[in-house]
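First listed ligand is number 1; within each ligand, the first listed atom is number 1.
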Amino acid sequence: MRLAKFLAHAGVASRRAAEDVIRAGRVTVGGEVVTDPARDVDEASGVAVDGEPLSGPEERVTYVLHKPAGVVSTARDTHGRPTVVDLVPGGARLYPVGRLDADATGLILLTNDGALAERLMHPRFEIPRTYEAVVARPPVRDRALRALREGVLLEDGLTAPARARRLGADRIELTIHEGRNRQVKRMCEAVGHPLRSLHRTRLGPLSLGGLGPGRHRRLSGAELKRLRKAAGQG
Ligand code: URA
């Protein structure tokens, strides 16, 4: 791989900035200063920056986290609230895949694999997301379920067909594959049942699998494989 790319993958700097670091003579390969960003290197080449050896591209990791209520799903919060990234020790370089509202709970992915994250969030792949919603004004009638299934007119247009089933008088399971802002909240409101609480149980082929609130686990190889397949990478 090109030296500049190797540095970027190792988290030294962006590829563009890495080229400047190289041209400045700060990088050695096998102990010799190299100023050509296109030099071909790999993990065995002994690349060092300012004398510090680099171990090569950062390992790609993906975690599933059970987000508790009150935690925001951005990488950093401007109001100093706890974030999902804070819940994974050593997770500073991870970022969340998509969003869950601060008061919502349940499954969220954290990864440093930019390509995978991008695909999972891209509408083209229509990754289904399943939620359990507790709603006001019970009971939820068939008419409301039918509307949720067939499409609800929101201010940003009609929702795509969804799966909806009643779990109890005030409880619905809803599976959608669009990622509009606060979509479940707005869909429930539109059918006359404002949301009381929201919990995400599944994302594509993944489920929490008994993970308690605030807990995380690294995806197994089999889970990653299924996820990549769902995101068109498999
Ligand atoms: N829909 C919502 O309304 N909120 C979420 O957090 C996710 C989906």
Numbered atoms and elements of ligand 1 in range of [X], under 4.0 angstrom, heavy atoms:
{"X": "K185", "result": "2 (C), 3 (O)"}
{"X": "L100", "result": "6 (O)"}
{"X": "Y131", "result": "7 (C), 8 (C)"}

Taking the side chain from [X] and the backbone from [Y], do they hold a donor-acceptor pair closer than 3.5 Å?
{"X": "R60", "Y": "L116", "answer": "no"}
{"X": "R99", "Y": "R182", "answer": "no"}
{"X": "H122", "Y": "R124", "answer": "yes"}
{"X": "S45", "Y": "V47", "answer": "no"}

Examine the side chains of R200 and Y131 and answer whether a donor and an acceptor come within less than 3.5 Å of each other.
yes

Which heavy atom of the protein is the closest neighbour of atom 4 (N) of ligand 1, given with residue, atom name and distance?
D101 OD2, 2.8 Å

Give me the nearest non-hydrogen protein atom to atom 1 (N) of ligand 1 as residue plus atom name, then the distance to 0.1 Å.
V184 N, 3.1 Å

How does L198 reach ligand 1, by side chain, by backbone, by both or by neither, if only non-hydrogen atoms under 4.0 Å count?
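For L198, only side-chain atoms sit under 4.0 Å from ligand 1.
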
Side chain, backbone, both or neither: which part of Q183 comes within less than 4.0 Å of ligand 1 when only heavy atoms are counted?
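Looking at Q183 and ligand 1, just backbone atoms fall under 4.0 Å.
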
Neighbour count above 12 (heavy atom, 6.0 Å) for R171 CZ
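Result for CZ/R171: open.
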
